[in-house]
Amino acid sequence: MLRKWRAAFLLLWLVLFRLVCAAEGVALVMATEGDIVRQTGGEQVQLPAFSWVQRGDVLFFSQGSKVRLLYAASARQEVWGGAGSLKVEDTMSRANGLERLQVKSLTLPVAAQIMKTPTLDTQGKIVVARVRSIPALDAVERLESEYRRLRMEAALDDLNPQLFLLAGLLEMRDVARLEQALADLQVSYPDNMEAKVIVALYQKALRNMR
């Protein structure tokens, strides 16, 4: 009986998670490299990191370009590179002429937390997920414990654990820990362009909160 209740709760959680993400898009652009153009409807715009893409969008890559996407409904992370195009579908991408560099499945709770990272809307403005007013100490401890586990299991250049931690601290409005985590990120990855984008995004989100 307990197992059935857990399964039902997980199913309900997954449905709610997908409904929330559907308002934003189907996949979060985690990182970009090179020149990538997004075509949505009849409009073509440059694709920035930490923006959402919609089902049916087509991404056009120039030679040497690369993108990392995280799909909301499937928690599927994809990395594509080369010259060609990529069509965004509900739970995965369909490529034409591109090389699939990586496919990785995250757990749904980890993916859901990462997707609370501040994002850019179509006008380039910061969008921040709803935040809790007062962080519970045990919640912060659980967040940091899970971060340490993710960091130990991840490759050195994988910044998903940092994104998980930062999004959680922002949601809890734990400004002191968030600022320290950003400072640690800058020290640990001084020449990493993705880290620089993440830091700039969060610094702007913090300014908007004050």
Side-chain angles (χ1 to χ4, degrees), residues 13-14 17-18 20-21 24-34 36 47-53 59 65-81 86 88 91-93 99-120 126-129 131 139-172 174 177-206:
W13 182 88
L14 178 59
F17 172 55
R18 290 180 178 179
V20 170
C21 290
E24 302 289 348
V26 297
L28 179 63
V29 180
M30 304 292 291
T32 62
E33 185 177 315
I36 304 176
L47 182 72
F50 298 103
S51 60
W52 286 88
V53 289
L59 311 181
S65 297
K66 189 186 298 184
V67 72
R68 178 156 57 97
L69 300 173
L70 179 58
Y71 276 85
S74 59
R76 173 186 169 100
Q77 180 177 273
E78 301 177 347
V79 181
W80 296 90
L86 192 72
V88 177
T91 60
M92 60 186 296
S93 306
E99 180 183 1
R100 190 175 70 183
L101 303 176
Q102 182 197 76
V103 172
K104 180 180 180 181
S105 294
L106 306 183
T107 66
L108 283 170
V110 169
Q113 188 66 66
I114 289 175
M115 286 178 179
K116 294 174 184 175
T117 299
T119 55
L120 298 171
I126 291 285
V127 179
V128 180
V131 294
V140 174
E141 291 175 347
R142 288 196 303 270
L143 177 73
E144 293 182 334
S145 175
E146 180 66 5
Y147 160 71
R148 288 191 293 270
R149 184 187 70 79
L150 293 171
R151 185 67 274 167
M152 287 179 63
E153 296 176 356
L156 183 60
D157 60 350
D158 183 354
L159 298 187
N160 278 348
Q162 274 81 1
L163 286 169
F164 174 85
L165 175 65
L166 293 169
L169 294 174
L170 179 64
E171 183 186 17
M172 297 173 187
D174 195 330
R177 282 187 174 89
L178 179 55
E179 289 178 336
Q180 182 59 56
L182 290 172
D184 292 343
L185 182 60
Q186 289 176 295
V187 170
S188 300
Y189 298 89
D191 301 316
N192 185 297
M193 288 306 299
E194 183 183 352
K196 293 178 186 296
V197 172
I198 293 168
V199 169
L201 200 63
Y202 270 93
Q203 287 176 340
K204 187 170 183 180
L206 282 170

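Note that the coordinates shown come from a computational prediction; the quantities given were computed from them, not determined experimentally. Values reported hereafter were calculated over all heavy atoms of this structure, with side chains retained and with hydrogens, waters and symmetry mates removed.
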CG-OH distance between Leu163 and Tyr202, expressed to the nearest 0.5 angstrom: 6.5 Å
Which residues pass the salt bridge (Lys or Arg N to Asp or Glu O under 4.0 Å) test with Glu144, not counting sequence neighbours? Arg177
Is the backbone N or O of Thr91 less than 3.5 Å from a side-chain atom of Ser74, with the two atoms forming a donor-acceptor pair by type? yes
Side chains of Lys116 and Leu170 in contact at under 4.5 Å (non-hydrogen atoms): no
From Leu165 CG over to Asn160 CG, what is the distance, rounded to the nearest 0.5 angstrom? 12.5 Å
Which pairs with one or both residues in residues 105-114 pass salt bridge (charged side-chain N to carboxylate O under 4.0 Å, His left out), sequence neighbours excluded? none
Across all chains, not counting sequence neighbours, the side chain to side chain contact (heavy atoms under 4.5 Å, CB included) partners of Ser145 are Arg148
So, are Arg142 and Glu146 salt-bridged, with charged N and O less than 4.0 Å apart? no
Grab the two heavy atoms, one from Ala75 and one from Ala111, that are nearest each other, plus how far apart they are. CB-CB, 3.7 Å
Do Ile198 and Leu185 have side chains that approach each other closer than 4.5 Å (heavy atoms only, starting at C-beta)? yes
Output the distance between atom CD (Gln186) and atom NZ (Lys196), rounded to the nearest 0.5 Å. 8.0 Å
Heavy atoms, side chains only, cut-off 4.5 Å: are Val79 and Val67 in contact? no
Let me confirm one number: the CG-CG distance from Leu178 to Leu206, rounded to the nearest 0.5 Å. 4.5 Å
Val197 to Ala49 - nearest heavy-atom pair and separation: CG1-CB, 4.3 Å
Would you mind reporting whether Leu70 and Met115 have side-chain heavy atoms less than 4.5 Å apart? yes
So OG1 of Thr117 and CD of Gln162: to nearest 0.5 Å the spacing works out to 11.5 Å
Is the count of non-hydrogen atoms from other residues, nucleotides or ligands lying under 6.0 Å from Arg149 atom CZ greater than 12? yes
Are the side chains of Gln77 and Tyr71 in touch, meaning some heavy atoms are under 4.5 Å apart? no
For Ala72 and Trp52, which heavy atoms make the closest approach, and how far apart are they? CB-CZ3, 4.4 Å
What's the shortest heavy-atom distance between Tyr147 and Phe164, and which atoms? N-CE2, 4.1 Å
Spatial distance of atom CG (Leu143) from atom CG (Leu169) [nearest 0.5 Å]: 5.5 Å
Using the test side chain to side chain contact (heavy atoms under 4.5 Å, CB included), find all partners of Ala154 that sit at least two apart in sequence or belong to another chain. Arg151, Asp158, Pro161
Which pairs count as salt bridge (charged side-chain N to carboxylate O under 4.0 Å, His left out) when at least one residue sits in residues 181-192, sequence neighbours excluded? none
Under the side chain to side chain donor-acceptor pair (under 3.5 Å) test, which residues partner Glu78, sequence neighbours left out? Arg76, Trp80, Ser93
For Glu99, the side chain to side chain donor-acceptor pair (under 3.5 Å) test, sequence neighbours excluded, returns none
Residues passing the side chain to side chain contact (heavy atoms under 4.5 Å, CB included) test with Ala31, sequence neighbours excluded, are Arg68, Glu194
Taking only residues two or more places apart in sequence, or in another chain, which ones meet Ser51 in a side chain to side chain contact (heavy atoms under 4.5 Å, CB included)? Val29, Leu47, Pro48
